[in-house]
2 protein chains.
Amino acid sequence: MVVSMTPEQLTVRLRDAITRLNRRLRQERPLGDLTVTQLSALTSLRIGGALTPRELSDAERVQPPTMTKIVAKLEERGLVQRSPHPTDGRQVLLAPTAEGLEVIDSYQRVRDEWLAAKLANLTPDERDTVARAASILEGLARA
Amino acid sequence: MVVSMTPEQLTVRLRDAITRLNRRLRQERPLGDLTVTQLSALTSLRIGGALTPRELSDAERVQPPTMTKIVAKLEERGLVQRSPHPTDGRQVLLAPTAEGLEVIDSYQRVRDEWLAAKLANLTPDERDTVARAASILEGLARA
DNA sequence: CACGGCTAATTAGCTAGCCTAAGGATCGTG
DNA sequence: CACGATCCTTAGGCTAGCTAATTAGCCGTG
């Protein structure tokens with residue numbers, strides 16, 4: 001079932017799909033709680049262990065001042081802890097607190113209900129397509 | 001090459017890919033020019049012909065006040081025209097101006113250079129996967 | 001025919017999330 | 001030891017979304 005589409009059509013189509021789905025994801029913000037941006041940053045911290053703000057902003061593809069704000073909010077909620085860098089006084093190390101880790105876990109289970117439910121309605125074949133596309137799209141965003 | 005992934009992994013992975021790619025798309029704002037949101041609304045108007053603000057906000061999945069602002073910006077630029085509803089004095093009809101249509105066309109060609117270039121680097125197989133996924137994702141966002 | 005309740009659109013005001021520019025602290029090297 | 005580079009933050013601005021409240025117009029009922 002090859003879809004025949006010009007490159008322009010594909011570009012427009014993909015952009016549209018991305019922006020709409022993103023809007024939808026933002027809307028589904030569950031009680032409590034963290035925004036998509038905050039959760040993403042927190043998750044990067046768990047994966048990366050302790051990161052500096054610079055490393056974290058690189059990982060999240062935002063500018064450093066943006067990350068300052070995101071981290072500030074996570075800190076307010078006690079989900080991230082800041083400690084001095086052992087050898088470089090300019091830098092700071094960020095790490096999730098125990099509560100932060102807990103929050104991530106509970107989100108992994110609870111959070112994406114809306115999207116998970118939608119995905120569950122797809123055929124196995126469609127899910128497979130989406131899974132492979134997700135990897136490809138991540139690659140695009142990273143590049 | 002079937003990717004084996006739990007539903008949770010897929011959900012998280014997809015959300016991540018969407019948000020990151022969306023950030024990237026926002027950043028690539030070309031000179032001139034319309035934001036992704038504005039272009040999307042304008043395109044909906046071209047497809048839908050003349051729509052009321054309510055219809056347009058439904059189509060774009062935003063709340064009416066949000067659409068009021070988007071339309072105001074498009075109007076400022078002379079890309080959208082407002083006319084009274086023939087039978088209902090509360091409503092308003094929105095339609096793209098000639099210039100608005102022209103702008104859409106030029107964007108279709110010029111705008112998504114960044115994304116188009118990325119897509120061009122994919123293998124035909126990957127492009128096909130992305131194309132099919134785009135349709136599926138649009139369906140998700142719509143539902 | 002007027003009035004009460006609904007709907008459409010806008011206004012007001014908030015938050016998140018992104019940016020650039022500029023500043024202060026620290027590092028490292030000549 | 002001074003000076004350029006680097007790290008983080010502050011300041012300020014913009015887009016994009018939201019909810020609550022207001023204004024205007026519609027319509028059915030008494």
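Within every chain, numbering begins at 1; the chains are lettered A, B, ... in the order of the sequence lines, protein sequences first and strands thereafter. Since we're looking at a predicted model, the values are computed, not measured.
- Between the P atom of dC7(D) and the CD atom of E55(A) lies a distance of 9 Å, rounded to the nearest Å.
- Per the geometry, CZ belonging to R54(B) stands 12 Å off C1' belonging to dC6(C), to the nearest Å.
- You'll find that the side chain of Q91(A) is closest to dC8(D), out of dA8(C), dC19(C), dC8(D).
- Rounded to an integer number of Å, the gap from CG of D88(B) to P of dA9(C) is 8 Å.
- Phosphate proximity of dT10(C) to R82(B): present, with a side-chain N or O under 4.0 Å from OP1 or OP2.
- Cluster membership for I136(B) and L122(B), using ILVMFWY side-chain heavy atoms within less than 4.5 angstrom, is shared.
- In this structure, T35(B) does not reach the dT15(D) phosphate: none of its side-chain N or O atoms is under 4.0 Å from OP1 or OP2.
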Given V103(B) and R77(B), is the side-chain contact (heavy atoms from CB on, under 4.5 Å) satisfied, shown in steps? CA-CA 11 Å; V103(B) 163; R77(B) 287 185 161 90; over 6 Å; no
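- Nucleic acid contact class of T87(A) (heavy atoms, under 4.0 Å, all strands): sugar-phosphate only.
- Between T66(B) and the phosphate of dC18(D), there is a side-chain N or O to OP1/OP2 separation shorter than 4.0 Å.
- In terms of polar N and O atoms assigned as donor or acceptor, the side chain of K69(B) comes within less than 3.5 Å of the base of dG17(D) in a complementary pairing.
- Comparing dC7(D), dA16(D), dC6(C) by their closest approach to the side chain of R90(B) singles out dC6(C).
- Between the CZ atom of R127(B) and the CG atom of L14(A) there is a distance of 12.5 Å, given to the nearest 0.5 Å.
- Listed candidates were dA16(C), dA9(C), dC8(D). Nearest to the side chain of T52(B) is dA9(C).
- Atoms CG (D58(A)) and P (dT6(D)) sit 13 Å apart, rounded to a whole Å.
- OP1 or OP2 of dA16(D) sits under 4.0 Å from a side-chain N or O of Q38(B).
- In this structure, of dT9(D), dG17(C), dA8(C), it is dG17(C) that holds the atom nearest to the side chain of T37(A).
- In summary, R46(A) and D105(A) engage in a salt bridge, as defined by a charged side-chain N under 4.0 Å from a carboxylate O.
- One atom, CE of M67(A), and another, P of dA16(C), lie 15 Å apart when rounded to the nearest Å.
- Cluster membership check: L56(B) does not share its hydrophobic cluster with L93(B), using side-chain heavy-atom separations under 4.5 Å among Ile, Leu, Val, Met, Phe, Trp and Tyr.
- Between dA16(C), dT11(C), dC27(C), one nucleotide has an atom nearer to the side chain of T68(B) than all others, and that is dT11(C).
- Protein atom CD of Q63(A) is 15 Å distant from nucleotide atom C1' of dA22(C), rounded to whole Å.
- As judged by a 4.0 angstrom heavy-atom cut-off over every strand, P64(B) is placed among the base-contacting residues.
- Rounded to whole angstrom, the span from the NE2 atom of H85(B) across to the P atom of dA24(D) amounts to 20 Å.
- Looking at heavy-atom distances under 4.0 Å, P53(B) makes contact with sugar-phosphate atoms alone, never a base.
- In this structure, E60(A) places its CD atom 13 Å from C1' of dC18(C), rounding to the nearest Å.
- Clustering ILVMFWY residues whenever any of their side-chain heavy atoms sit less than 4.5 angstrom apart, transitively, puts V92(A) in the very cluster that holds L45(A).
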